[in-house]
Protein chains: 2
Amino acid sequence: MFRALADATRRDIVRRTLSAEASVSELAASYEMSFAAVQKHVAVLEEAGLVSKLPRGRERIVRGNPDAIRRAQFCLDQFEAVWRARIDRLDALLEADSAQESD
Amino acid sequence: MFRALADATRRDIVRRTLSAEASVSELAASYEMSFAAVQKHVAVLEEAGLVSKLPRGRERIVRGNPDAIRRAQFCLDQFEAVWRARIDRLDALLEADSAQESD
DNA sequence: GTAACCTACAACCAAATGGTTGTACGAGAA
DNA sequence: TTCTCGTACAACCATTTGGTTGTAGGTTAC
């Protein structure tokens, strides 16, 4: 999923379809690459669950999935939590140290 | 930077060095791959600013950079903001619609 | 029905990625 | 000093990635 977000074009597609759904060809018109290339990007995003594609007439409407974004946020939050736990440990060490000094 | 986080081994290195700094060889001992491979992963993380490497005697101490994590969080927060803006627009449309009905 | 449009998918290609081994070098330990 | 350890870096390899073109199948419009 981070792998899916690793490409700038794909991040842009996510951003865009999160704000307003669009057909694959509408998306493709925005980028300096072939239709097939954009189609592949959408497929990667869909497989990662960042986007869903539903048929409407002869087009496929691409829609960003906010839940997937929140899952990525959760992952980064865990990183922050690990970091804060480290700081807490250091604080505890310092406190134990000054307590020892006052003995 | 999302590209740097796209690899599971690298995410683990970030998590680990965020919680406690470690030398490159200490990190390398944890993974089922060669020292050189881990070294490359650390280099990728360093280039992405997710980690910093400082010499201590004959080893290089790797330390996770919490600021970089916050920058990634900020990026995902922007995605959420775009999403919420879309919902707000839809709400406004619905409200305008019901106002028209009551005419 | 036929033409035009949107999409899916295969085949192909260059470059990047993730891994390996081997060599070299600086810093500590014996 | 010499040996060992930790690191850096180059060369190489297989696979994946990001892109292309071409072909084929459905849907809508005329």
Side-chain angles (χ1 to χ4, degrees), chain A residues 1-65 68-69 72 75 79, chain B residues 1-65 68-69 72 75 79:
Chain A
M1 161 162 172
F2 276 105
R3 170 156 262 106
L5 284 174
D7 184 271
T9 301
R10 285 199 292 262
R11 279 198 302 275
D12 198 65
I13 291 177
V14 169
R15 187 178 298 115
R16 188 169 157 186
T17 58
L18 224 34
S19 118
E21 53 186 32
S23 73
V24 179
S25 55
E26 281 171 343
L27 289 174
S30 310
Y31 306 103
E32 293 286 333
M33 65 182 78
S34 69
F35 173 84
V38 173
Q39 200 177 331
K40 278 194 189 182
H41 282 310
V42 172
V44 170
L45 289 171
E46 189 182 20
E47 197 165 356
L50 283 159
V51 128
S52 52
K53 206 166 39 172
L54 54 133
R56 180 140 84 208
R58 64 182 163 186
E59 11 184 73
R60 303 301 146 95
I61 302 302
V62 182
R63 203 180 34 172
N65 178 10
I69 300 299
C75 179
F79 277 34
Chain B
M1 165 161 170
F2 276 104
R3 170 156 264 107
L5 285 174
D7 183 89
T9 301
R10 286 200 291 264
R11 280 197 302 276
D12 198 66
I13 292 177
V14 169
R15 190 178 296 116
R16 188 168 157 187
T17 58
L18 224 35
S19 119
E21 53 187 30
S23 72
V24 179
S25 54
E26 282 172 341
L27 289 174
S30 309
Y31 305 103
E32 293 285 333
M33 64 181 78
S34 69
F35 174 84
V38 174
Q39 200 176 333
K40 277 194 188 179
H41 282 310
V42 171
V44 170
L45 289 171
E46 188 182 19
E47 198 164 355
L50 284 159
V51 128
S52 53
K53 205 166 42 173
L54 53 133
R56 180 139 83 205
R58 63 183 164 187
E59 16 184 66
R60 304 301 148 94
I61 302 301
V62 182
R63 205 180 34 176
N65 179 9
I69 300 299
C75 180
F79 278 34

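Residue numbers begin at 1 in each chain, while the letters A, B, ... track the order of the sequences.
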With a 3.5 Å distance limit and no angle check, can you tell me whether B:R3 reaches the backbone of A:A6 through a side-chain donor-acceptor pair? yes
Just to be sure I understand the rule, does B:R3 reach a base, reach only the sugar-phosphate, or reach nothing, if contact means heavy atoms closer than 4.0 Å? sugar-phosphate
Can you tell me if the side-chain N/O atoms of A:H41 get under 4.0 Å from OP1 or OP2 in D:dT17? no
Residues 15-25 of chain A, side-chain donor-acceptor partners within the protein, below 3.5 Å, at least two apart:
{"from": "A:R15", "atom 1": "NH1", "to": "A:D12", "atom 2": "OD1", "distance (Å)": "3.3"}
{"from": "A:R16", "atom 1": "NH1", "to": "A:S30", "atom 2": "OG", "distance (Å)": "2.3"}
{"from": "A:T17", "atom 1": "OG1", "to": "A:I13", "atom 2": "O", "distance (Å)": "2.9"}
{"from": "A:T17", "atom 1": "OG1", "to": "A:V14", "atom 2": "O", "distance (Å)": "3.3"}
{"from": "A:T17", "atom 1": "OG1", "to": "A:G64", "atom 2": "N", "distance (Å)": "3.3"}
{"from": "A:E21", "atom 1": "OE2", "to": "A:R56", "atom 2": "NH2", "distance (Å)": "3.1"}
{"from": "A:S23", "atom 1": "OG", "to": "A:S25", "atom 2": "OG", "distance (Å)": "3.2"}
{"from": "A:S23", "atom 1": "OG", "to": "A:E26", "atom 2": "N", "distance (Å)": "3.1"}

Under a 4.0 Å heavy-atom cut-off, which of residues 10-29 of chain A touch DNA chain D? A:R10
Atom CD of A:E59 and atom C1' of D:dT28 are separated, to the nearest Å, by 10 Å
Do side-chain atoms of B:R10 reach the backbone of B:A4 as a donor and acceptor pair under 3.5 angstrom? yes
Strictly below 4.0 Å: does B:K53 bring a side-chain N or O up to OP1 or OP2 of D:dA8? yes
Can you tell me the distance, in whole Å, between the CG atom of B:L54 and the C1' atom of D:dA8? 17 Å
Starting from the 5' end of DNA chain D, give me the residue, A:E32 or B:A36, whose nearest nucleotide shows up first. B:A36
Working note: A:R60 + A:V42, criterion side-chain contact (heavy atoms from CB on, under 4.5 Å); need CA distance, chi angles, decisive distance, verdict. CA-CA 11 Å; A:R60 303 301 146 95; A:V42 172; over 6 Å; no
What's the CE-P distance between A:M33 and D:dG18, to the nearest Å? 10 Å
Using a heavy-atom cut-off of 4.0 Å across all strands, would you classify B:A43 as base, sugar-phosphate, or nothing? nothing
Rounded to whole angstroms, how far apart are OH on A:Y31 and P on D:dG18? 15 Å
To the nearest Å, give me how far apart NZ (A:K40) and P (D:dT16) are. 14 Å
Value in whole Å for how far the C1' atom of D:dG19 lies from CD of A:Q39: 13 Å
When you match A:R56 and A:D7 each to their closest nucleotide on DNA chain D, which lands nearer the 5' end? A:D7
Stepwise, does the side-chain contact (heavy atoms from CB on, under 4.5 Å) test hold for B:L27 with B:H41? CA-CA 11 Å; B:L27 289 174; B:H41 282 310; over 6 Å; no
Segment of DNA chain C, first to last nucleotide, that comes within the 4.0 Å heavy-atom reach of chain A: C:dA4 to C:dG18
Residue pair B:F2 / B:A72: nearest heavy atoms and the distance that separates them: CZ-O, 4.3 Å
Quick check for you: to the nearest 0.5 Å, what is the distance between A:K40 atom NZ and A:L45 atom CG? 14.0 Å
Taking all non-hydrogen atoms of both residues, which atom of B:T9 and which atom of B:D7 are closest, and how far apart? N-OD2, 2.9 Å
Rounded to whole Å, the CZ-C1' distance (B:R58 to D:dT4) equals 7 Å
Taking the side chain as every heavy atom from C-beta outward, state whether A:L50 and B:F79 have any atom pair closer than 4.5 Å. no
